[in-house]
A.B. asks: 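One structure coming up, written as structure tokens, with questions to follow.
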Amino acid sequence: ETGVTQTPRHLVMGMTNKKSLKCEQHLGHNAMYWYKQSAKKPLELMFVYNFKEQTENNSVPSRFSPECPNSSHLFLHLHTLQPEDSALYLCASSQGLAGSYEQYFGPGTRLTVT
Amino acid sequence: GDSVTQMEGPVTLSEEAFLTINCTYTATGYPSLFWYVQYPGEGLQLLLKATKADDKGSNKGFEATYRKETTSFHLEKGSVQVSDSAVYFCALSDHNNNDMRFGAGTRLTVKP
């Protein structure tokens, strides 16, 4: 248990569906992240939030829309996804953005787009 | 920009064998270095870290020493167990980045 929870753990959706992934951290951290982990590819950073403000968008397609209502919650809204978007989506949090701060990861949401 | 390169896997060892997973980095500043481990079906967990040159991080029998002269942070364990089977990620973070840079991951399988 890392103090970062993600729901749902598994999600199957069609290309025309709209769904949301939720992440919550109970660590009092200020920064939160979304990563995409695909088979046989390096971990891809998608979005970074610090004190609820988005500080980085790593050229992510607009069909992925993040939302950070407060420092403890992070959402990833999904719409009109493609099969190649099937992956494990990991949320993480850290005390601060850079330097010696380690990131704490949730268990991930396994997304399958049919 | 900053980056991390780690040895490609997969690595397969017998129980009680010695483990080394190589990791080298490129950074313009003075990064902190990390090893994360990902067990099947789970997210990444911090295994150990080192924040300055010559620091040694250690946890659960794993060790890694921050070598500035060789820009390396190799992960070692003297005697692996079946339960160590997982994917291991080397990573760095410094004050120039808003994120952490991860290596590609090395899959370790330990056989009884």
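If you're wondering where the values come from, they're calculated on a predicted model, not measured in any experiment. Each chain gets a letter, A, B and so on, in the order the sequences are listed, and its residues count up from 1.
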A.B. asks: Is it true that atom CZ of A:Arg63 has more than 12 heavy atoms of other residues, nucleotides or ligands lying nearer than 6.0 Å?
C.D. replies: yes

A.B. asks: Hey, any chance A:Phe47 and A:Leu45 share a hydrophobic cluster, counting ILVMFWY side chains that come within less than 4.5 Å of each other, even indirectly?
C.D. replies: no

A.B. asks: Less than 4.5 Å to any heavy atom of chain B: does that hold for the side chain of A:Arg9, its backbone, both, or neither?
C.D. replies: side chain

A.B. asks: Is there a donor-acceptor contact under 3.5 Å from the side chain of B:Tyr36 to the main chain of A:Phe105?
C.D. replies: no

A.B. asks: Do you know which of B:Pro31, B:Ser32, B:Ala91 has the most heavy-atom pairs under 4.5 Å to chain A?
C.D. replies: B:Ser32

A.B. asks: Evaluate side-chain contact (heavy atoms from CB on, under 4.5 Å) for A:Gln37 paired with B:Phe102, printing each intermediate quantity in order.
C.D. replies: CA-CA 12 Å; A:Gln37 187 177 33; B:Phe102 287 88; over 6 Å; no

A.B. asks: Please check if atom CD in B:Gln81 has more than 12 non-hydrogen atoms from other residues, nucleotides or ligands closer than 6.0 Å.
C.D. replies: yes

A.B. asks: Calculate, to the nearest 0.5 Å, the distance between atoms CG and CD belonging to A:Leu88 and B:Gln38 respectively.
C.D. replies: 6.5 Å

A.B. asks: Rounded to the nearest 0.5 Å, what separation is found between the OH atom of A:Tyr35 and the CE atom of B:Met100?
C.D. replies: 6.5 Å

A.B. asks: Identify whether B:Ile21 and B:Leu92 are in the same connected component of the hydrophobic contact network (ILVMFWY, side-chain heavy atoms under 4.5 Å).
C.D. replies: yes

A.B. asks: Hey, what do you get for CD (A:Glu102) to CG (B:Leu48), rounding to the nearest 0.5 Å?
C.D. replies: 11.0 Å

A.B. asks: More than 12 heavy atoms of other residues, nucleotides or ligands under 6.0 Å from CD of B:Glu15: yes or no?
C.D. replies: yes

A.B. asks: Minimum heavy-atom separation for B:Gly43 and A:Leu90, please, with both atom names.
C.D. replies: CA-CD2, 3.9 Å

A.B. asks: So which part of B:Leu46 gets closer than 4.5 Å to some heavy atom of chain A, the side chain, the backbone, both or neither?
C.D. replies: side chain

A.B. asks: Report yes or no: do B:Val37 and B:Phe73 belong to one cluster of Ile/Leu/Val/Met/Phe/Trp/Tyr joined by side chain heavy-atom distances under 4.5 Å?
C.D. replies: yes

A.B. asks: Are B:Leu47 and A:Tyr104 joined in one hydrophobic group, where the rule is that I, L, V, M, F, W and Y side chains link up if heavy atoms are under 4.5 Å apart?
C.D. replies: no

